[in-house]
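Every chain is numbered from 1, with letters handed out A, B, ... down the list of sequences.
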Amino acid sequence: MKALSAAERRRRRTLFVMAILAVLSTLIFGLFQKSGQNVTYGFTLDKEWVLIQQWVISSRTASLLFGVISVLASAVAFLQFRAGRTIGLASGIGSAGIMMSFLSWAAAGKFIPFTGLLQGALLLSVPLIFGSMAGVLSERSGVVNIAIEGQLLAGAFVSGVVASLTHSTFLGLVVAPLAGCLISTLLAVFAINFSIDQIILGFVLNVLVYGITDFLYKKLLIPYQSTWNSGPTLAAIKIPLLWKIPIVGPILFDQSIIVYLMYGVIFFINFSLFKTKWGLRTRAVGEHPTAADSVGIKVNRLRFMNVMIAGMVAGLGGAYFTVGGVGAFNKEMTAGKGFIALAALIFGRWTPWGAVSAALLFGFADNLQSVLGIIGTPIPSEFMLMVPYLATVIAVTGFVGRVRAPAADGTPYKRGESH
Amino acid sequence: MRKLTIKRPSLRALTLPGLSFVLAMFFGALLIAFSDSTVLKHIGHPVTFIKSAGVAIWQSYLALFEGSVYNPSLAKPHDALLSWYPLSETLVTAAPLILAGLSVALAFRAGLFNIGAQGQFIFGSIAASYVGFAFHMPIGIHVVVAVLAAIIAGAIWGGLVGLLKARTGSHEVIVTIMLNYVALYFLMWLLGTTRFLRPGRRDPISPDVLPSARMPHLAGDNYRVNLGIFVALATAAFVWWLLSRSTWGFRFRAVGANAAAAKTAGISVPFVMTAVMAISGGLAGLGGAVHVLGSDFSLTSGTAGNFGFDAITVALLGRAKPMGVVFASLLFGALRAGGGTMQANTNTPIDIVLVIQALVVLFIAAPSVVKWVFRLKNLKTTGELTAKGWNG
Amino acid sequence: MSLELRGISKSFGALLANDSIDLRVETGEIHAILGENGAGKSTLMNIVYGLVAPDKGEILVDDVVKNIKEPSDALASGIGMVHQHFMLVPVFTVAENIVLGHEKSGFAGILDLNEARERIKKVSDQFNFDVNPDDLIEGLPVGVQQRVEIIRALIYDAKVLILDEPTAVLTPQETDDLLKIMKQLKEDGTSIIFITHKLREVKAVADRITIIRRGKVVGTASPDASQNELASLMVGREVELAPDKGAHAIGDVVLKVEGLTIRDAVGRALVNNVNFEVKAGEVLAIAGVQGNGQSEVARSMVNLEEHVEGSIILDGSEVIGKSVRESLHAGIAFVPESRELDGLIGSMAIAENLILDLHDLPPYAKGIQMSPSVVLAEAEKRKEEFDIRLQSVNDPVSSLSGGNKQKVVLARELSRPVKLLVASQPTRGLDVGSIEFVHKRILEERDAGRAVLLFSTELDEVLALADRIAVMYRGEILAIVPSGVTAQELGLLMAGVVHA
Amino acid sequence: APASLAAASKPKVCLALDTGGIDDHSFNASAWAGAQSMASKATVSYVVADANNPDYTGEVKSLVDAKCNLIIGVGFLITSAVDAAAVANPTVKFAQVDDPGLVNGKAIPNLRGLTFATNQSAFVGGYLAAGFSKTGKVATYGGINIPPVSIYMDGFAKGVAYYNKTKGKKVEVLGWDTAKQDGTFVGGFSDSNKALQISKNFEQQGADVIFPVAGGLENATASNSATSHKSVTIGVDSDMWGQVTDAKIKAVILNSVTKGVGTSVAAAIKDTAAGKFTNTMYVGTLANKGTGLAGFHNLASKVPAKLQQELRALAAQISSGAVDVTK
Ligand SMILES: Nc1ncnc2c1ncn2[C@@H]1O[C@H](COP(=O)(O)OP(=O)(O)OP(=O)(O)O)[C@@H](O)[C@H]1O
Ligand SMILES: Nc1ncnc2c1ncn2[C@@H]1O[C@H](COP(=O)(O)OP(=O)(O)OP(=O)(O)O)[C@@H](O)[C@H]1O
Ligand SMILES: [Mg+2]
Ligand SMILES: [Mg+2]
């Protein structure tokens, strides 16, 4: 009960912040803006059905408009909060309004490919989503998974190499989960059977994968590049009709198979975790393994299985870097995304949708800085590069606060050694 | 304070680390053998295969040793001791690692997982180098001021994390991961500003720190080993004292083990979190100072290398105990120093060192595996390090 | 169904927790097991339930040897158990907890809880349990959680029901209800093994009593034996069950609480406008069913609560607004409700736990340098004074049994100059020997002229120690009554019934 | 060690790399290729700094200890270590890529700088891009904002501006601002997913020629061009067309702006082997082919002959000084 009420207090504080930002953006971006320039929003990327091609509007008017919308939404959210109702929609509109007000100001005289901005956000978050889903699977059943980075990298490496050797994206896609699974088998064996500290283990596995892939990259992939490291890539598949839907279509339904698999993974994990027998048992062994054991659930077997599945999911995400992206493997090409995925997992409070939202937020901030950088900002590029990281820190400190992991996350289970 | 009787380090206590190292080297050897094209050529002929594999492995590991401990070919007629030059290199690499490792270990003992040593190290390097090249001060004083600046800079960057956690409950793992990136980009930006550019250069590389701000060499100018290693050892002793003999350390451990009970007994948990992260950041910052003032002298975007991340492995290998961190850092320092020579002499990629490091930590953490491999019954295992997952 | 244990032995390292124990429980019998903390009762039951593997011995159900390796084997043999430490997942609903391990799925593998809901309702109605299948466990009072555990055992048709200290956290009312249910079950032919430290309960329901000491069966007794006889069998010496309150002088007001209101983070009042005072040499007990605001009042005495209004005057000066540390040093000794969670730091040494509050003050520290030798010497002293049974003061405090842990907490809290002792559930889960010690100690403090504020859900304890009794109900003090009241009157008050 | 068994007659040449391997598809690779081409004249080997704990002083020292006759520093990070070693070891010859080879502003006898006027070739690349673009928008991005990278981007942008000036056109450059000397960067050289997205963002802004200056990340851009069919890619450092095997990718490589690290390294080795080491700074220019355009391959037919002609003329003008690439 305490946790819930603390959340309410935080929600109220968040609402305050939102209202203040809404007013400020109305004033700064809307009222006090001098530029008489127009901002152009583009809504088409391809040959999808056109609802609206472009929207040209005075930057000042747009900022004002969105600012007012966000102020109104904040007010509605406050009223709903008072009445004890959910404030999700109103606060969503509110923050989007603030964002758009800012964007209309920042892009005065420029072109913002609105659909592309969102599509890019999704694409940048794909590996994060896979990684955090792997985290959900593993940590919900009580095994801390810091090895996401290593699982992603192993998936990227193996799928890149296999696709290159066999000239088959399909085979590349098939082996990626196996590579991730191999890493998580190590995690599972050492964490579950040998009860080794899982944080040490995760870190060490990352280092191990870095070491092995770097080593093999230099020893094999570079010298024999044309056979070992010039893999084919997956083409985007347009889902008939769906991809034609304005705005949404090109973002969601004109992607490579990996992205579609990702949708499947998210829905499947979310569904299974909360609606099925497996999910109930998984959450039980993550929260209170002794209780699960006492009703006859094989705690360690279930954990083992889940950690292996987690590895497969992350491994598949790794394939996104190679067969899903540029084909060739590049040394350390996951570039720390496994750790960002870990942060997204915690940020999202160990729930599938929470983690997805956190990953999308990061992807959005990342792509926004890229787009704004391209159309030109007075801010040095290095500071622009900080944006997604700072945005995460601000979101975590301002709006998320204390999070609670599954109670038994990280604790090995041995029968008769509870307490 | 747990064990108040002084324990003599027994040889048996070293059995596990020793055997773990042997096992890790064995797997490293496999990797060397099976990725060497000349060795692989003989794969059809077992005898030649084993022979050539043996040669490849022997040469690589010999070079590793020659690069980290002793290399007779370096001796000069007038100075036979020069063959120990590699050992000096090992110490040079180990010094910053010890400090960064202590930073992670200290936080660990207080129940906090500091992944941010990298960022704190960066801020320490920035402060130390800036004070080192931009100001003129008397010899002696200059080093001290530069070091203090680094400690303060690291402490602020680390303390920020503790403060955020204490105030808002935001998880230190997320915040430190993110702040590492922020620190790196900040450094990159800084290196493009005129203040940090080398006169006459546009490359992002700062001027060298002035001689007055450098750590004095310990064994003459032929060896790079410098005061930094003593600073690191003294700091390790200090951290040991802090944790096990001081009231602050008592509080840190209490909060780390059970924050609710510590609070009930009147210990201020928010204060402890902030203090621990600040001290932890200061230690990593000091590591940055030792690196810049001791051996690197200039600041580049790669100054911090991987020290802050290796620090985590080192702290884990050292079981979050100061002495453990020192030994782990020496081992890692040796692997790092020798790895370069190995690559230069045998073209075995230095990345094998990462593999060996990872495996050593893994095996030490899993004594049961080592016991099983070597068929040992009663192997003495050191105290378990228990991280407490995310809720800790 | 009958259950028989033959020659069960189990050792943990050097410690022989069960030493060839023989025990037979007949069909439809309530068989009580008595023993000190750490006697080996839970270990034995965990063996029966398949959670701990015995070193030796066999288990017979209806005179047939059963090989019980896993809890699922026990369940299949008709053995159900309500554990000393609850086996409920706090973030699950009642229904989810109950189906766990026996799930039924419908379309697309979707979990089907409806059948479970029905059965829960049925059992709940049958025994007047008042359990809603869709409530979250973590939001339920412990008494209700206990019922959920029992419902689970019943739904899965336990013919032998093991109850390991089920009443440790129950209120008198709840305890009586449970005892009634046990009798009802017994009528229906269920065999029950009942473990408790409360002799009154044993005498009320048990058919036979087995007493275990240091892992061995030391004897059996009939429920007709007196409480004193049972107690001395358990402990192996004479025990004084009802402490002699004796004559004592009551002095000036030490603690004056006015208009105390405590809110949760969203502003709901958990404690509403509470007023009372405690005088020197007086024990004021605050009784009440768990979850009526007593915990919050207790914690607010040392500023562990966040949203507090009103005033708490200790010896003329305001406590509210001070830090926890300042409150403790102002002269309050605080024994928290949960010694494991809030009282002690399990992995730290006993000696360190004894000075948690004073570690940075002389003589334990000079400046920020601690003096380990002084700390050790002090620990040895307190070990003697409080009769803490331990091997070494350097051992982690988690190695102690419950009674000794509680002594460590008391020893620490009473080592400062104290004007007021706040003790919250000081004897929860302790055996009679330890309870005797704690009670004696509390009365000694009172006799030395300290004010004592005792929070307890135990009627016997309240009646035995208090000079006056305040009963809390729904965050308010319903009445303050003199110690002469009867247990029955008190029980009614705790249930919220006020007489004109 | 085998290296020490080398024939005494051949000088021992050692490459000291700062980051990446000899196989980074970028200037390390070129340097190594250049050195290898001289294998008949010298025994060559290389070391690379430990990317984890880079210690350049120690790295160069280990080469001095290994009795290398010529030590070539590759990468600007290692310059100060090379400078210091050159002063400390007057008998050993040194060369340093991407650096003028001066110590405190003065030349020293045993150190030679190897530099490249890549802005010249990037200038021509910019002109090509502007002339080739149908949309009137071209783009460039970098790994991180450091001179070896930004000099390309700056030259590219100025080449576009020159095109606009001479032709009276308004081709726009995305990703680099000559006034601020800042632009779009990946933030490193390994995040190909990010590079891919940046390329997409450029396309969405309308760019149809993209010039990535981020080492191996150029593959991400070309890969995107190959699937989107909305842009072509200009490679960097060496001829990208020759390095990729995928025909679909070859088809979208317009040209590559090269940097003759290999040529310069080979030159330094040749001089040393012949006993004619010089400390005169090497400057790779369009004129001496130390930098330039690699050539059109698949897309040659798509580039108007007139434009190709103008490019040749422009290169000649730059070499003669008639066109100033720094404006
Ligand atoms: N998992 C274990 N490992 C080691 N020792 C144990 C373990 N479980 C119990 N013990 C030991 O066995 C003894 C018996 O413990 P047990 O829990 O059975 O006591 P109990 O009679 O149930 O006590 P209580 O009345 O406090 O519940 C304890 O004193 C303890 O020392
Ligand atoms: N997993 C374990 N490993 C080692 N010792 C254990 C373990 N579990 C319990 N013990 C020991 O068993 C003894 C009794 O444990 P237990 O928790 O049953 O105490 P208790 O007297 O019942 O206390 P409480 O009433 O607070 O539960 C203690 O000495 C404790 O250290
Ligand atoms: Mg117990
Ligand atoms: Mg028990």
Side-chain angles (χ1 to χ4, degrees), chain A residues 42 45 110-113 115-117 119-121 123-124 126-127 164 210 214 217-218 221-223 225-227 229-236 256 320-322 324-337 363 366-367 370-371 373-376 378-382 384-386, chain D residues 19-25 29 32 48 51-52 137 139 141-142 144-145 174-177 180-207 215-224 226-228 230 243-246 248-249:
Chain A
L45 279 182
K110 298 283 168 43
F111 172 74
I112 294 273
T115 314
L117 181 65
Q119 188 197 49
L123 292 180
L124 287 174
V126 169
S164 177
Y210 267 80
D214 285 3
Y217 179 71
K218 282 185 195 161
L221 269 56
I222 293 293
Q225 193 210 343
S226 55
T227 44
N229 197 25
S230 53
T233 55
L234 292 160
S256 77
Y320 181 73
F321 288 95
T322 45
V326 297
F329 178 81
N330 192 5
K331 189 178 151 180
E332 291 168 23
M333 76 193 302
T334 47
K337 290 294 182 287
D366 201 4
N367 201 35
S370 164
V371 169
I374 287 170
I375 63 176
I379 304 166
S381 58
E382 291 86 357
M384 289 302 288
L385 287 171
M386 292 178 195
Chain D
T19 52
I22 48 164
D23 22 45
D24 63 345
H25 293 210
W32 179 241
V48 57
N52 291 300
K137 284 188 181 168
Y141 69 89
I144 52 177
N145 192 358
L174 302 175
W176 182 255
D177 183 333
K180 282 196 324 207
Q181 292 288 302
D182 199 355
T184 294
F185 293 93
V186 180
F189 293 89
S190 62
D191 192 345
S192 43
N193 195 24
K194 184 92 173 278
L196 196 67
Q197 187 54 42
I198 288 176
S199 309
K200 283 189 206 287
N201 287 340
F202 278 139
E203 286 181 348
Q204 285 163 15
Q205 289 288 344
L217 295 185
E218 63 185 359
N219 290 317
T221 299
S223 171
N224 175 61
T227 47
S228 72
K230 284 183 184 157
Q243 288 177 348
V244 298
T245 45
D246 190 337
K248 284 200 299 262
I249 292 185

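- Of the listed residues (A:Val126, A:Val371, A:Asn367), the one with the most heavy-atom contacts under 4.5 Å to chain D is A:Asn367.
- There is no contact between D:Ile144 and chain A, counting heavy-atom distances below 4.5 Å.
- Heavy atoms of D:Val244 lying under 4.5 Å from chain A are absent altogether.
- By number of non-hydrogen pairs under 4.5 angstrom with chain D, the leading residue of A:Ser370, A:Gly373, A:Gly376 is A:Ser370.
- Distance CD/A:Glu382 to CZ/D:Phe185: 7.5 Å, rounded to 0.5 Å.
- The nearest pair of heavy atoms linking A:Val326 to D:Ser223 is CA-OG, 3.7 Å.
- Minimum heavy-atom separation, D:Gly187 to A:Leu385: CA-CD1, 3.6 Å.
- There is no side-chain donor-acceptor pair under 3.5 Å between A:Asn330 and D:Ser192.
- Of all the listed residues (A:Leu45, A:Thr233, A:Ile112), the one sharing the greatest number of non-hydrogen pairs under 4.5 Å with chain D is A:Leu45.
- Going from atom NZ of D:Lys200 over to atom CG of A:Leu124 covers 10.0 Å, rounded to the nearest 0.5 Å.
- Of the residues considered (D:Ile249, D:Thr184, D:Val186), D:Thr184 shows the highest number of contacts with chain A, using heavy-atom pairs under 4.5 Å.
- Residues D:Lys194 and A:Asp366 approach most closely at CE-OD1, 3.0 Å, considering heavy atoms.
- The contact between A:Tyr320 and chain D is made entirely by side chain atoms (from C-beta outward), counting heavy-atom distances below 4.5 Å.
- A:Leu123 and D:Asn193 get closest at one heavy-atom pair: O-ND2, 3.9 Å.
- Contacts of A:Lys110 with chain D are absent, with no heavy-atom separation under 4.5 Å from either backbone or side chain.
- Looking at D:Phe202, both its backbone and its side chain come within 4.5 Å of chain A, counting heavy atoms on both sides.
- Side-chain atoms of D:Gln204 and A:Thr115, non-hydrogen and from C-beta on, never get closer than 4.5 Å to each other.
- For A:Leu221, no part lies under 4.5 angstrom from a heavy atom of chain D.
- Side-chain atoms of D:Asp182 never come within 3.5 Å of backbone atoms of A:Pro380 as a donor-acceptor pair (strictly under, hydrogens ignored).
- Under a 3.5 Å cut-off, the side chain of D:Gln205 and the backbone N or O of A:Phe111 do form a donor-acceptor pair.
- Proximity to chain D (any heavy atom under 4.5 Å) is restricted, for A:Pro378, to the backbone atoms N, CA, C and O.
- Counting heavy-atom pairs closer than 4.5 Å to chain A, the top-ranked of the candidates D:Asn224, D:Thr245, D:Asn201, D:Ile198 is D:Asn201.
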